[in-house]
Amino acid sequence: MDKLLITGGQSLNGVVRASGAKNAALPILAATLLTKQPITIKNLPHLHDITTMLELLGSMGCGVVVDEKMNVQLDVSTVNRTEAPYELVKTMRASILVLGPLVSHFGEAIVSLPGGCAIGSRPVDLHLRGLEAMGADIQVVGGNIVAKVDGRLKGARIFFDKVTVTGTENLLMAAALADGRSVLENAAREPEVVDLAECLIAMGAKITGHGTDTITIDGVEELFGTEYSVMPDRIETGTFLVAAAITAGKVKVIDTDVHSMEAVLAKLEEAGASVEVGEDWIELDMQGRRPKAVNISTAPYPAFPTDMQAQFVALNAIADGVGRVTENIFENRFMHVDEMLRMGADIEVNGNTAIVKGGSALKGAPVMATDLRASASLVLSALVAEGDTKIDRIYHIDRGYECIEEKFGSLGAKISRVLN
Ligand code: EPZ
């Protein structure tokens, strides 16, 4: 298994480009199942999860042509299978996103029920309940979700008991071709949901209210091909900005989305960084300064994102003062803490809150990545630790960060991939 070898102590300086957002690209690729016309999706990040989603679409009979810039042309007219098999779904939970489009456009779907994952049980009950409200017959048979509808789904008013990003996305896609009006209440407001809605509108869908907690969709009979470019990745952007802050450097992230990061930028400024924002770039300067500890409490957008929680635990670990980090979205998203303790961090976890006492220098050590964002925080910790850190199981990192060693290396980090 590949490992990352990092020698800490370098301040990061320079310019890095944000890739397309994984969590916008995945639902948008699933949405291509809603039209039989050729459709082109651009600015896809070169990530394992994207490859898995393209494999999944290909396994259903879609024509998939990818160019060297990771722009993909899909032809759904050749779909001959409406099934997402376990061997693919078990490697990527986001495969659940094909369920809504398949039922809505093809009237049937068999999608393996995603299991839990490292960060929590992550049920999909709200996805299934919403589809039932739209008239789908949903059975769980032998670990598979078997969904069927005679004719078209019917528009429905759906209230989400919990804010769910992919739940909102699945039902948004299902409603786009349903017969009549659907209203999604307590819907997710994440920018990736907005990006999906904008892509569906470009395909001919009638959607309003996306980006608010109430989304209205008037179903149409057919959706059309289009060419759509995926939004930049706000979590990757935030991760590079934290890398600059943690190493007392100065980094400019270009080709990014500056309007979806208010909560993260506010916390970086509270930590003492100076942040400058342009039309499509964000520059963070922490040269010559140590960060101050900040308190974090994760919640659905526009509040502080859970996907940036681990990165701020790493920042607090070397900051001045004590930072309280509370994880309100997932029940087990502090696995990075045990690995950071191996590097000398002073962190105590009580329930869903980590009390991070800064000030101590971290020391390099062999550590293990556990989930996508947690592994990014280990890279950040290694960048500022004394000595060498070897990070194992970095396939977690490759799922969410494109060419991570090249990008950090271009900013001055001493980082390399050890193949074995
Ligand atoms: C999406 O996951 C993201 N993944 C996650 O990013 C992100 O952490 C999460 O949203 C929260 O922002 C993608 O977009 C592919 P949820 P999702 O449904 O949709 C509960 C990453 O690192 N829930 O918003 O699966 C659930 O257990 C990943 O890129 C139900 O109870 O998350 C959780 O506590 C990690 N029933 C809460 O809602 C349901 O039917 C929010 O989950 C659905 C969700």
Side-chain angles (χ1 to χ4, degrees), residues 27-37 56-57 60 62 76-77 79-85 89 93-114 123-188 193 196-197 199-201 203-210 212-224:
I28 286 171
L29 286 172
T32 63
L33 288 165
L34 290 165
T35 178
K36 287 206 170 49
Q37 294 187 354
L56 176 56
L57 295 173
M60 292 177 200
C62 292
V76 179
S77 63
V79 163
N80 53 27
R81 190 167 174 238
T82 55
E83 186 167 347
V89 175
R93 318 175 30 73
S95 310
I96 188 73
L97 284 165
V98 302
L99 178 64
L102 286 175
V103 177
S104 190
H105 191 196
F106 297 92
E108 61 179 20
I110 299 177
V111 177
S112 173
L113 191 63
V124 292
D125 55 310
L126 301 179
H127 299 235
L128 305 185
R129 210 180 300 159
L131 287 171
E132 284 178 328
M134 297 175 80
D137 172 60
I138 305 275
Q139 306 292 331
V140 177
V141 181
N144 284 326
I145 302 163
V146 180
K148 282 196 180 63
V149 63
D150 294 331
R152 292 171 72 188
L153 290 174
K154 297 278 179 292
R157 177 177 291 275
I158 293 162
F159 182 86
F160 288 104
D161 295 349
K162 275 183 135 177
V163 175
T164 161
V165 173
T166 49
T168 299
E169 292 166 344
N170 236 333
L171 293 164
L172 179 57
M173 292 186 281
L177 282 180
D179 180 9
R181 170 167 286 193
S182 297
V183 179
L184 307 184
E185 293 182 307
N186 198 27
V193 175
L196 169 64
C199 179
L200 289 168
I201 290 168
M203 293 166 69
K206 292 188 176 16
I207 300 170
T208 56
H210 43 299
T212 76
D213 61 3
T214 303
I215 305 177
T216 302
I217 309 103
D218 287 312
V220 294
E221 295 205 351
E222 188 183 3
L223 289 172
F224 307 99

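Worth knowing before you read on, the calculation uses all heavy atoms, side chains too, and leaves out hydrogens, waters and symmetry mates. Computed from a predicted structure; not experimentally measured. By convention here, the first residue in the shown sequence is residue 1.
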(request) For the pair Leu172 and His210, evaluate side-chain contact (heavy atoms from CB on, under 4.5 Å) and give the outcome as yes or no after the intermediate values. (result) CA-CA 10 Å; Leu172 179 57; His210 43 299; 5.7 Å; no
(message) Using every non-hydrogen atom in the two residues, find where Pro27 and Leu196 come nearest and quote the distance to one decimal.
(response) O-CD1, 3.7 Å
(message) Testing Asn170, Asn186, Asp161, Thr166 one by one against Leu126 for a side chain to side chain contact (heavy atoms under 4.5 Å, CB included), which residue passes?
(response) Asp161
(request) Could you tell me whether a side-chain N or O of Thr32 sits under 3.5 Å from a main-chain N or O of Leu29, the two making a donor and an acceptor? (result) yes
(message) If you compare all heavy atoms of Gly135 against all heavy atoms of Leu153, which two are closest, and at what distance to 0.1 Å?
(response) C-CD2, 4.4 Å
(message) More than 12 heavy atoms of other residues, nucleotides or ligands under 6.0 Å from CZ of Arg181: yes or no?
(response) no
(request) State the CD-CG distance between Gln139 and Leu128, to the nearest 0.5 angstrom. (result) 11.0 Å
(request) Indicate yes or no: at least one non-hydrogen side-chain atom of Val220 is less than 4.5 angstrom from one of Leu177. (result) yes
(request) State whether the number of non-hydrogen atoms from other residues, nucleotides or ligands found under 6.0 Å of Asn80 atom CG is greater than 12. (result) yes
(message) Return the CG to CZ distance between Leu34 and Phe106, rounded to the nearest 0.5 Å.
(response) 8.5 Å
(message) Given 3.5 Å as the limit, does a donor-acceptor pair link the side chain of Thr168 with the main chain of Ala188, or not?
(response) yes
(request) Taking the side chain as every heavy atom from C-beta outward, state whether Leu171 and Ser182 have any pair of such atoms under 4.5 Å apart. (result) no
